[in-house]
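To start, the structure under review is shown below, and the notes come after it.
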Amino acid sequence: MCIGSTDPYGLHRLIYEVVDNSADEELAGHATFIQTTLNSQGSCTVTDDGRGIPTDVHPVTRVSALVTVLMVLHAGYKKQRWRKSC
C-alpha cells in the first residue's frame, strides 16, 4: 500500500484506504459493521467484522499475503480485477 507521504496528506490517504477496504468487505457481503473513530490524540480507529487480511503464503510473491498486500504496489484485488478487464 502506497500512501504517498508521511505528512497529513499521507495520513488521510491511509485512513481512506483502510475505510475503503472495510467498505469493499461490506459491499461483497463479508461484513455487516464498520465503525470509524477519530480519537482525541489525533489517531483514527477503524473496526469492521470483515475477513481481514489473509496471512497464507501468496502464490506469486512466495511470502505472506499480508506482506504482499502492504508492501507490493498494485497487489490488491481491485487492481487485479482492473487488469483482467483490460
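Position 1 is the first residue of the sequence; numbering continues from there. These numbers come from a predicted model, not from an experiment.
Expressed to the nearest 0.5 Å, how far CG of Asp24 lies from CD of Glu17 amounts to 9.5 Å. To the nearest 0.5 Å, the span separating CG on Leu14 from OG1 on Thr6 amounts to 11.5 Å.
The side chain to side chain donor-acceptor pair (under 3.5 Å) search around Thr32 returns Asp49, not counting sequence neighbours. For Ser43, the side chain to side chain donor-acceptor pair (under 3.5 Å) partners two or more places apart in sequence, or in a different chain, are Asn39, Gln41. For Leu11, the side-chain contact (heavy atoms from CB on, under 4.5 Å) partners two or more places apart in sequence, or in a different chain, are Ile15. By the side-chain contact (heavy atoms from CB on, under 4.5 Å) test, Ser5 is found to be paired with Asp7, Tyr9, residues two or more places apart in sequence or in another chain being considered.
Here the options are Val18, Leu38, Val19, the test is side chain to side chain contact (heavy atoms under 4.5 Å, CB included), and the partner is Cys44; only Leu38 passes.
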Donor-acceptor contacts under 3.5 Å from residues 59-67 side chains, at least two apart:
from  : atom 1 : to    : atom 2 : distance (Å)
Thr61 : OG1    : Thr68 : OG1    : 2.7
Ser64 : OG     : Leu66 : N      : 3.1

